[in-house]
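What follows is a single structure, written as structure tokens, with notes after it.
Keep in mind that the numbers below use all heavy atoms, side chains included, and drop hydrogens, waters and symmetry copies. Remember, predicted model here, so these are calculated numbers, not experimental data.
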Protein chains: 2
Amino acid sequence: MDTPGLPAKIDPDALTTVLDGRWAGLRRAVRAQMAAEDFKDPVDLDVEAHRAQVLEWLRLLARTDRPGLGFDPAYGGGGDVGGSVMSFEMLGFGDLSLMVKAGVQWGLFGGAVQLLGTERHHERYLRKIKDLELLGCFAMTEHGHGSDVQHLRTTATYDPATREFVVHTPDRGAMKEYIGNAARDGELAVVFAQLITGGESRGVHAFLVPIRGEDASGVEIEDCGRKAGLNGVDNGRLTFTQVRVPREALLNRFGDVAEDGTYTSPIESDGRRFFTMLGTLIRGRVSVAGSAGSATKRALALAVRYGEQRRQFARPDGEEVVILDYRAHQRKLLPALATSYALHFAQEALVSKLNDIAEDAPEEEQRELESRAAGIKAVSTWHATATIQAAREACGGSGYLSENLLAGLKADTDVFTTFEGDNTVLLQLVAKGLLTSYKDHFEDLSPLATARFVAEQFVEAVIERTSARKVVERLTEADDGDVLYSREWHLKLFEDREEHVLGGVAQRLRKAASDPFGVFNDAQDHVLRAGRVHVDRVVLEAFIDAIERCADGEARELLERVCDLYALANIEADRGWFLEHGRLTSGRSKAVTAAVNALCADLRPHARTLVDAFAIPEQYLAAPMLRD
Amino acid sequence: MDTPGLPAKIDPDALTTVLDGRWAGLRRAVRAQMAAEDFKDPVDLDVEAHRAQVLEWLRLLARTDRPGLGFDPAYGGGGDVGGSVMSFEMLGFGDLSLMVKAGVQWGLFGGAVQLLGTERHHERYLRKIKDLELLGCFAMTEHGHGSDVQHLRTTATYDPATREFVVHTPDRGAMKEYIGNAARDGELAVVFAQLITGGESRGVHAFLVPIRGEDASGVEIEDCGRKAGLNGVDNGRLTFTQVRVPREALLNRFGDVAEDGTYTSPIESDGRRFFTMLGTLIRGRVSVAGSAGSATKRALALAVRYGEQRRQFARPDGEEVVILDYRAHQRKLLPALATSYALHFAQEALVSKLNDIAEDAPEEEQRELESRAAGIKAVSTWHATATIQAAREACGGSGYLSENLLAGLKADTDVFTTFEGDNTVLLQLVAKGLLTSYKDHFEDLSPLATARFVAEQFVEAVIERTSARKVVERLTEADDGDVLYSREWHLKLFEDREEHVLGGVAQRLRKAASDPFGVFNDAQDHVLRAGRVHVDRVVLEAFIDAIERCADGEARELLERVCDLYALANIEADRGWFLEHGRLTSGRSKAVTAAVNALCADLRPHARTLVDAFAIPEQYLAAPMLRD
């Protein structure tokens with residue numbers, strides 16, 4: 001199996017230029033600050049010392065203009081949403097507790113004030129939030145409701161007599177749970193609660209509630225204590241006992257209560273209003289995907305460097321073999337590295353879309369963006385979990401020592417798959433969007449509602465759409481020549497798989513009107529698969545687009561091979577499906593495996609270049625195992 | 001897809017009887033002590049406090065007769081090797097630092113004195129080791145050599161003038177690394193070093209070297225510091241600078257040096273002698289596999305209980321769905337649970353074999369046992385890593401809090417895949433045994449030696465053997481009836497896959513004589529696969545044997561379904577291979593997936609019974625997330 005040859009040595013800087021892309025200047029600025037300040041994961045701090053350290057670092061970040069990038073320029077902000085998200089992504093190279101704490105303060109808390117609040121809130125709070133004069137929380141998740149946030153049970157009941165809202169936790173299940181910044185530092189929280197006025201519930205809204213200080217009577221705070229990782233973030237639980245806040249504490253962009261208790265909103269449906277509010281908050285999800293990517297790159301950089309240096313077992317000539325020369329070792333790291341490249345470009349495209357979308361963009365476009373954010377977050381964070389695990393194992397006992405950094409990366413990123421949206425739920429959301437062509441309003445995240453909705457209204461259309469597109473020709477050995485390295489063939493397989501899986505889901509769900517839970521549940525694995533293979537296709541397209549943008553010929557050649565490896569390793573991993581559905585013959589399926597092996601061997605000499613191109617500040621790769 | 005019906009409710013005790021098997025009494029005794037003493041994972045101790053706690057617990061264990069089970073009855077031991085290993089397995093339900101520390105003290109350190117030493121060492125040390133009057137280390141791994149232990153570089157040079165060995169670390173690469181008990185508690189170490197006498201090197205031998213106290217001058221100890229997990233174990237690094245120990249410090253069962261420096265050994269070849277010595281030490285590897293199994297069961301028990309209690313998203317009637325009712329959730333946990341059952345029975349069979357093997361058993365039988373231990377250790381520990389990860393994710397944010405125990409289980413077990421033999425290297429060892437029918441002496445673990453050896457001597461025989469056995473009939477849709485639940489069909493697929501993969505490896509390696517590294521490396525993925533699918537077949541057979549032994553009719557029915565799920569989920573995961581090789585038609589492949597789904601649904605009502613049957617002491621399942 002021959003692959004096109006590659007130049008012996010390729011300049012990583014040329015790759016860095018492509019990787020850094022649109023926000024290259026900002027990326028460089030963050031790297032420079034990270035290199036100057038020592039934001040490096042502490043290896044042996046206890047929880048309290050780590051929390052203190054992270055807060056201290058946060059103050060260093062607050063001296064730059066990046067925390068305000070996502071805020072309205074009228075209040076000292078930068079009006080650069082993409083840059084804001086990108087700066088969280090870059091922080092992912094360092095201690096992830098700092099990334100999360102920064103994300104809570106400026107992304108979630110500040111973001112909610114910016115996006116759900118109105119002028120009165122912006123005026124009063126945005127500068128203070130940006131400058132860290134006011135630390136805050138984003139209190140959405142409850143003990144009993146994490147994924148199904150529409151059914152949160154904290155209440156905020158309007159009392160026209162005093163013109164106040166009474167925020168209340170009816171029972172332990174409604175207690176706010178895992179709230180970042182709550183256990184130690186937060187002073188004010190954006191609390192999501194069912195708004196009740198005039199005896200009527202109007203769905204979930206956000207309220208500003210002081211949780212520390214003299215105005216916080218009735219607020220009880222518990223510390224979540226030690227976690228698997230991210231121990232520099234002070235997660236806590238909040239319980240509200242008839243806590244009174246002024247009427248103006250309601251973040252009232254999407255719904256308001258007049259002094260007399262009259263409710264008004266530009267959006268009539270409670271559900272639609274809530275999901276519109278949620279939709280404005282996707283920056284957090286996008287940031288998690290980005291920083292998961294950064295942590296994964298760091299793990300790969302550590303493991304590749306170790307793999308190039310560690311030797312074990314002698315060749316016939318007596319020289320010990322560098323472990324990255326073993327095929328099994330290449331298999332552990334290089335397809336994952338190719339996937340990290342692919343996801344990097346998909347992330348960059350997502351951030352660009354998020355940045356560029358017009359405030360008055362059609363709802364369909366908004367929903368499509370949310371869906372893409374959900375899908376890329378799920379795929380990126382699962383990739384992080386699997387890859388950091390593989391990197392740890394690839395470094396053996398050294399990888400298990402905290403000083404060598406992989407243990408912390410693993411522990412810190414582990415929650416990424418289930419926070420800011422559980423990945424399984426997020427992939428369902430993606431599938432729902434595909435089935436409905438984003439025409440509905442995502443009014444309900446519940447799988448049953450999806451099934452019912454789909455069954456009732458859109459299945460026929462999807463079936464028509466997916467069968468109208470002619471089923472891709474079944475491929476046989478007789479196909480012309482060697483398609484293995486043909487990008488067109490990769491794309492065709494990815495697209496065809498997506499269409500076919502989606503059509504199958506639609507067929508399965510059409511009976512859902514009669515037994516929504518049973519029918520949905522029987523199809524759930526197909527629903528998740530539909531979401532997954534859609535994201536895979538989007539990611540491949542983003543990689544192809546990025547290669548188009550690469551001006552350097554040699555770097556471009558290398559990226560083509562990396563893209564081959566991404567596509568073929570994906571096809572190989574899923575060859576059961578391709579074989580079952582007649583898209584691969586058994587001969588070609590074996591050829592795909594052989595091609596993945598050949599690409600691993602071809603890319604092996606460039607592995608170091610590929611990780612160096614991430615331009616991770618050296619201090620974050622200063623593991624003792626790499627010193628000797 | 002219909003599966004045979006199951007009784008509505010099955011008594012977990014009947015299952016426990018089958019699971020507890022041959023060492024049921026001992027298992028009950030360990031459970032009773034674990035329930036009485038509080039050996040529970042500390043959630044928030046710092047490293048030093050955790051180490052102190054574990055040592056205290058170790059002293060409680062030393063009061064029982066179990067630490068001596070594996071030692072010679074002449075010195076207070078129990079002469080019950082199986083029971084010894086089983087008691088480490090059971091400790092795996094609790095804090096894994098205790099299991100590892102006990103394993104280092106009694107299994108590795110004590111085991112080496114028992115198995116590599118002679119009467120003078122037994123007489124002097126075994127009682128003290130058993131009673132914890134003497135704490136010790138097993139100092140094999142070096143900074144530069146972990147997997148390739150035959151090439152350790154510490155030297156022990158005999159000085160006939162003083163009748164002493166001089167133990168020496170020539171450079172940092174030869175420093176002993178990750179040594180348990182070294183950083184804090186160990187007094188004496190079994191040190192593996194190249195024995196040199198009369199200017200001639202005789203290969204690796206073991207020496208008793210004091211590392212603390214007045215006799216320890218020249219020994220330098222470093223602390224490995226914090227690790228991802230297992231922080232109750234004090235791992236350290238040992239450097240020896242011309243350390244003198246008496247001639248009698250040599251553990252001389254397999255090789256001795258007379259006062260004048262003359263070397264004698266019952267085994268002529270240095271390599272064969274070393275691997276015979278190593279072979280006696282497989283108890284540690286077997287214990288790791290067993291305790292990985294216990295930790296995995298505990299994670300599954302936690303996740304199943306949580307999955308039965310946690311609700312999210314409402315059904316049409318308004319009732320919220322218990323998350324274990326979702327197919328995707330069942331898919332995350334139930335095939336893993338079935339695999340845990342399968343591995344449990346394979347482990348029990350392995351321990352029985354280890355226990356029963358005669359001291360003078362033919363070398364082929366010894367090698368086969370070592371190979372099986374290697375394979376089951378690799379498969380069990382990878383299963384632990386994947387399953388504990390899935391269990392954490394299945395518990396969402398709760399699973400991330402240390403108080404809910406999964407974070408600790410994940411962190412503690414993470415190193416199991418790479419210690420006591422790196423899994424990748426172990427699977428190669430399994431494949432080597434299969435290729436040579438255990439006829440060679442495992443003289444060299446090196447992959448190149450395997451390839452050369454195999455190529456030169458045995459490939460033709462394997463090719464003959466695997467093709468003499470007629471290739472299994474290709475299965476077509478026309479096969480009689482529904483084979484999906486036929487155990488015979490499962491076995492046939494597993495056996496055929498093993499034969500086919502092994503034959504393929506032999507074909508690939510036959511050219512190795514010309515270019516050992518290139519040929520081996522090109523075949524490495526097939527070599528690993530050969531080891532893996534062999535273990536899968538052994539595990540399936542052990543499950544089938546265990547079902548045979550089950551006297552209770554209902555429990556047996558349930559075990560049959562669990563075995564179906566193990567077999568079919570394994571086939572499903574590998575359906576790419578079965579399809580490529582014409583062993584599954586695409587229709588049957590899809591039917592396998594449907595059957596896995598159906599089995600998940602059938603077993604869902606019994607999930608709690610299946611985890612309760614592990615009879616894990618309740619205190620180890622006392623996670624706050626299960627209280628509300």
Would you mind reporting whether W577(B) and R575(A) have side-chain heavy atoms less than 4.5 Å apart? yes

Just checking, is any N or O donor in the side chain of T424(A) or Y326(B) under 3.5 Å from an acceptor N or O on the other one? no

Would a 4.5 Å heavy-atom cut-off, applied to side chains only, mark K590(A) and H581(B) as touching? yes

Please classify the contact of L401(B) with chain A as side chain, backbone, both or neither, using a heavy-atom distance under 4.5 Å. both

Do D46(B) and D46(A) have side-chain heavy atoms sitting under 4.5 Å apart? no

Name the region of E572(B), side chain, backbone, both or neither, that has any atom closer than 4.5 Å to a heavy atom of chain A. neither

Going by atom types alone, do H329(B) and Q524(A) pair a side-chain donor with an acceptor below 3.5 Å? no

Contacts of type side chain to side chain donor-acceptor pair (under 3.5 Å), residue R392(B), not counting sequence neighbours: D414(A), T417(A), T418(A)

Checking heavy atoms, do the side chain of N404(B), its backbone, both or neither come under 4.5 Å from chain A? neither

Hey, is the main chain of G587(A) close enough, under 3.5 Å, to the side chain of E580(B) for a donor-acceptor pair? no

Against chain A, label R310(B) side chain, backbone, both or neither, depending on which of its atoms sit under 4.5 Å from a heavy atom there. side chain

Taking the side chain from N521(B) and the backbone from D325(A), do they hold a donor-acceptor pair closer than 3.5 Å? yes

Y400(B) (side chain) donor-acceptor with G229(A) (main chain) under 3.5 angstrom: yes

Keeping the roles fixed (side chain from R226(B), backbone from D44(A)), state whether a donor-acceptor pair exists under 3.5 Å. no

Go through the atoms of A411(B) and report whether side chain, backbone, both or neither lie under 4.5 Å from a heavy atom of chain A. backbone

Quick one: what part of S398(B) sits under 4.5 Å from any heavy atom of chain A, side chain, backbone, both or neither? both

Structural part of L230(B) lying under 4.5 Å from a heavy atom of chain A: both

